[in-house]
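I am attaching a structure below and will ask some questions about it afterwards.
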Amino acid sequence: MTSSPGGLAAKTLPLLRHPVLRRLAQAFFVAFLLMVFAFLLIRLIPGDPAMILLGDEATEEDVIAYRKLLGIDGSIPSQFGRYVSNLVRGDFGVSIRSREPVLSIVGKRLPVSLWLTVTTIVMTIALALPLGVAAALYRRTWFGHAFQIGASVLVATPVFFSGLLLILLFAVQVNLAPIAGYHAGFPANLYYLWLPALTINFVLVPVLARILQSSIVETSTEEFVEAAIIRGTQGWRFYWRYLLRPSLAPTIAALGYFAATVVSYAVIIEIIFNLPGLGMTLVDAVRNRDYPLVQGIVFLSGLLVVGLTFMADLVNGWLDPRAQIR
Amino acid sequence: MTAGSPSIAPAGRLSRVELRRYWRQLNAESRWGVVILALILVLSVSVPLLSPNDPYGFVDQPLQPPSAAFLFGTDHLGRDLLVRVFTAARLDIALAILGVSVPILIGTFIGTLAGTTRNRIAETVWDGLVNALTAFPEIILVLGIVAMVGADIRGLLIAIWISRWAQYARIARAKSLALRDAEFVQAAQVLGYSQLRILVRHIMPNVFSEALAYALSDFIFIIVIIGGLSFLGLGVTPPTPEWGAMLAEGRLYLRTEPWLILFPGFFLSLTAIGVALLARGLERISKGEDD
Amino acid sequence: MCQQKEREIEPLLEVKDLCISFGKGGGRKLPVIDAANLSLDQRQAVGIVGESGSGKTMLCRALIGTLPRHGAGIVSGTVRFDGQELAGAPERVWRGIRGREIGYIPQSSLAGLNPVLTVETQLVESITAVGSFSRQEARQEAAGLLEKVRIPRAQQVLKARSHQLSGGMRQRVMIAAAIAQGPKLLIADEPTTALDVTIQREILSLITQLRQELNMALILVSHDLAVIEEVCDDVMVMYAGASVEAGPVAALSKAPRHPYTRALRVSRVDRAVPGQDLEAIPGDAASVGSWPAGCRFWPRCALADEACRRDTQPALMPTAQQLSACIHAERMAELEQ
C-alpha cells in the first residue's frame, strides 16, 4: 500500500505522524471504499434485479417488496445512505433464499474459513522459512536448481488440479486424510484441514520461499554480516540475527499481500474438499443469485484481507525498524 | 523488458535470420517456455483438425482407459478425451488472451491519465481506489461480479475485465509519473499539442512495454480464474470442452478413472508453466542475470 | 619497513608477494592482486593508499580471512602474522585471529551495523566472543567501550539502532566493536569516506589516540595521501594490484620514487593553490582484468619508455630510504631537483 492517503492527512493531523495510526487511517479509508464497491456491485445487474428474481408473472406489489428487500428502492444517494447506516449497525441485509440475516449466515460459516486460513498461514510459515533459508544457503548446488524448477512448476499449477492430485495421493492411495468433509472442534478439525491447507501452500510456499531466498542472498552481502563474522558471531545466533531477521521484512510484507490470494483460493479449495465455509456459501449464493448474500460476503472478505494486511504491516514494523521510517 | 525484446516483436514480419537472433538472446528458462507453448499451440490446432472424432459426439464405450485407439481414453459420456482436451486448449487460450488484452488497454489509459494529473487530492483518492480494488480477494471479486452479470462466458470475461485493470493502472501511473517531466513530453507541451494527444501518442506507448511484462504473469492468473470458475460451474459450462469444466466432471471418477482429470489438468498446468517459464526467463534477461 | 635495517625481531605482520584471484581454483580466474607486499611492526601505523580498484580492500579482506565470502582466494604468497602463517589457513584458525588478534573497522556507512539489532546487542556479542561474562558484566563492559570511543550518553546510545545514529556515531560504535577483544592490530578500511570533514578529523584522531592507549598496530586504508600522512609512520602505495612504493611517510612525501606516488601527491586537494588547476592524473586507472603488459602505470606515466612496456610489473627494489617498483626510480630523484 502506498502512503498517500495517510501522507496527506499527516500534514493536517499531527497525530497521524505516528506510523501505526497512519496505517490504521489508511486501512479505514480502504475499508470505506470497499463499502462503496460492494454497494455498486448490485448495480451491475443488467435490468431490474427484482424482475429477474421473480420472473415474468410477478405482481407489482411483489416487485416493490423485493426492491425494498434488496435495498434498491428510492434514489441512489438515499440507497447508499441506508446501506451505510445499515452496515454500521451490523445489518448486512437478508438472504433472499433462506430469509436469514446475512451476518448470521456468515457467522455460522466463517469459523471454518478462518480455521482454513490460519492453518494455511501457519503451514506457510513452517514450510517457507526452512525452504527459503535452504534455497539461499545451497543455491549453487543441485538443491538450489531443483528448488527453482520445482517452484516454477508448483506456482503455475492451478489449485483445483493440485488439490485433486493430492486427494488422489493422500486420501485414495494412502489413507492419511479424508477425501472431503469437515467436523468442527480443534484439534480434530486439523485432520480435515491439513490437505486443503497444503494445496493452497503448493502455490504460496514457492513464491514466499523465493522472496525469502533472494532477500537472504541480498542480506548476506551486507557489510554488517561481514562485521559479525569478524567479531566472531557464530551458530544459530549468527543465522538468526544476521541472515534471517534482517531478511524477513519483505517476506512478511508479501505474506500480507498474499492474504488476498489465500482467501481467494480458499473458495475453490472449500468446494474441492467440501468444507462448509464462506467460500462454499458464496458459490451457492452466486448459483442462486442471492444478491444480498454475495454482496455481504464480498465486502466482508475484502475487510478480512485489509485486516490481515494491516497485521502484517504491524509485525513488519516490529521485526524491522527500518520499515517504520519509510 | 523493453519494446524491443523478443516476445513482443510482431511475429509476422520476422525473417528467419531475425528469429534465430532472438532465439539466441533467450536464456534456458524462456526457451523452455517457448518450446512448451509452441507444442501446445501446435497440438491444439492440429489434433481437432486431424482427428475424425467430434469433441461433443459419442465415439465408444464410456470410461475406457487410454489405449491405442483413444490415446487419452474416453470420458463418462463415451467421448474422445484427446480431442476434447485440445479443443479445450483453443477455448482456454483464446479466452485468456481476451481476458488479458482488455484490462491492459483500460488500465494503461486510466493509469496514464492519473499519472499525468497534478492534483494532490485526486492522487489520494486514486491511491485509495486502487488499493481498495486490489484488496478484494481476486476470485471473490470475480465471483461477485459474475453473480450480478451472469454465470456464463460473457459474465466471466466482464468480471475479469472489471477486476484486473487496476494492476495495470498502478504500473502505468508509476511509470507515467516518471515520464511526465521527461524531455520529449515537455517538448510536446511546448509545441502546443493537446493533453490527450500527448497522453495517447507520447506517454502511453512508453508505459505499455512495462504493462506487457506484467501481462505475462497476469495471463497465468487469468487462465487459472477461467478454469477455476468453470470448475465451480460458473463460467464455461458442459458440454463445451474447457479444462476447468472437464476437471469438475472428471472429479466424480477420481477413485476409479483418474485419467479423466489427469489429462486436462496436465495440459492446463503445462500451459501455465510454459507462460511462467517464459515470463521468468524474460524478467531475468531484462535484469541482466545470465544464469 | 626498509630492508636496509637489520631485522632482529620478526615483524608483527608480513605480507610477501601476495596474489589474490577471483573464482575458485581451477576455474576461470581473474587476478585482483598479484604483487602485494607489506610489513609492519608492533605498535606501528602503516597506511595503504591507492585509487579504487587498486586492490586495497581485497588486501584487507585477505588479512581478516573473508576472501572466500567474496568469491576470491589467495593463489600464492605468504601472510605471516605474529609468527603464524595465515595464507590458506583453515576457518578454525581464522576464528581465533579475527576480532581477537586483528580488529576491523569497515567503510563508514549505514551498512556496518545490523539495522534490526541494538548497539548493545552487537557490542555484547563482541565482548562475549572472547571471555565468559555475565549479562550484567557484558553490559557494563559495552558501556565502558562506548566511553573509550568518547561517546557521551552511553546508556542512550546502547539502546539505539543504527538508523537512529549519525554517521560519526555509527563509526564510533564500529570502532568500539573492533577494539572490544583487545586486538594487536587494527585494520581501518577507508573509515572516514562518507563522513563530514570535521567528523573525519575527530574519527582519525580518535583512532590515533586509541592506538597509543591500547598499544595496537594500525593499518589505515585510504585513497587520500593527506589522511595517511597525518596518522601513519609508514605508507605503502598500491596501483592495479601491485605495491609500487613503500617507505616512511616523510620520505614518500618529500621525495617520491615512483611517478604514481608523485602524481597522487600533486593531485592533493589540500595543496592546491587557488586559481591554479588541480593536476589530475591523466588517463583512467587500469581496471581489474585489463592490466597492461610491463609496468602497469606506463599508459599514464610521463616517464614511460620502451623498457617500461616490456616484461611484467617490476618488483619493489630498495632506493634511497624507501622501496620502489619503478625502473626509473633514480631519474625520479633528478626530477625532484
Side-chain angles (χ1 to χ4, degrees), chain A residues 17-19 129 132-133 136-142 144 211-212 215-253 312-326, chain C residues 24 57 60-61 63-71 91-92 94-118 121-131 160-164 170 173-181 183 186-187 189:
Chain A
R17 287 206 192 103
H18 193 281
L129 277 189
V133 173
L137 293 180
Y138 304 109
R139 73 180 189 287
R140 301 243 178 265
T141 68
W142 65 268
I211 293 172
L212 183 60
S215 175
I216 290 177
V217 169
E218 206 172 290
T219 303
S220 69
T221 62
E222 294 267 9
E223 217 163 301
F224 64 75
V225 176
E226 184 144 335
I229 291 173
I230 292 163
R231 199 184 291 154
T233 312
Q234 288 175 39
W236 64 268
R237 200 178 253 177
F238 174 74
Y239 287 106
W240 166 243
R241 285 181 176 173
Y242 291 89
L243 286 181
L244 202 49
R245 236 189 101 176
S247 315
L248 275 180
T251 317
I252 302 286
D313 277 346
L314 285 191
V315 173
N316 233 348
W318 168 74
L319 269 177
D320 191 343
R322 282 174 298 181
Q324 290 205 344
I325 27 179
R326 271 184 235 128
Chain C
K24 279 179 199 146
T57 298
C60 291
R61 284 174 182 156
L63 299 181
I64 46 170
T66 58
L67 283 179
R69 270 178 51 75
H70 299 276
E91 187 62 19
R92 178 174 42 81
W94 276 115
R95 268 184 219 135
I97 299 284
R98 273 187 219 128
R100 304 180 187 207
E101 302 285 322
I102 303 179
Y104 180 72
I105 308 171
Q107 298 195 358
S108 62
S109 60
L110 183 77
L113 287 168
N114 187 331
V116 304
L117 301 180
T118 60
T121 310
Q122 293 174 79
L123 283 181
V124 164
E125 250 172 29
S126 220
I127 292 158
T128 49
V130 266
R161 290 185 174 81
S162 125
H163 68 269
Q164 295 161 317
R170 269 181 231 145
V173 172
M174 290 313 296
I175 295 172
I179 61 170
Q181 301 171 19
L186 188 63
I187 300 177
D189 184 4

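Convention: sequence-line order gives letters A, B, ...; per-chain numbering from 1. These numbers come from a predicted model, not from an experiment.
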ask   = Can you list the residues that meet the side chain to side chain contact (heavy atoms under 4.5 Å, CB included) rule with C:Ala177, with sequence neighbours excluded?
value =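 So C:Ala177 forms a side chain to side chain contact (heavy atoms under 4.5 Å, CB included) with A:Arg231, C:Leu123, C:Ser126.
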key: For C:Ala129 against A:Gly232, the heavy-atom pair lying closest together   = CB-O, 4.4 Å
query = Considering residues at least two apart in sequence or located in another chain, which fulfil the salt bridge (charged side-chain N to carboxylate O under 4.0 Å, His left out) criterion with C:Arg100?
reply = none
request  = For residues C:Gln122 and A:Arg241, determine if any side-chain heavy atom of one lies less than 4.5 Å from a side-chain heavy atom of the other.
outcome  =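 No, side chains not in contact.
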request  = May I ask you to test the A:Arg245-C:Asn114 pair for a side-chain heavy-atom distance under 4.5 Å?
outcome  =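 Result no, sub-4.5 Å side-chain heavy-atom pair not found.
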Region of C:Gln164 in contact with chain A, defined by heavy-atom distances below 4.5 Å = neither
ask   = In Å, rounded to the nearest 0.5 Å, how long is the span from CD1 of A:Ile229 to CD of C:Glu91?
value =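 One finds 7.5 Å between CD1 of A:Ile229 and CD of C:Glu91.
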inquiry  = With a 6.0 Å cut-off (strictly less than), is the heavy-atom count around OH of A:Tyr239, excluding the residue itself, greater than 12?
reply    = no
ask   = At their closest point, which heavy atom of A:Phe224 faces which heavy atom of C:Pro115, and how far apart are they?
value = CE2-CD, 3.4 Å
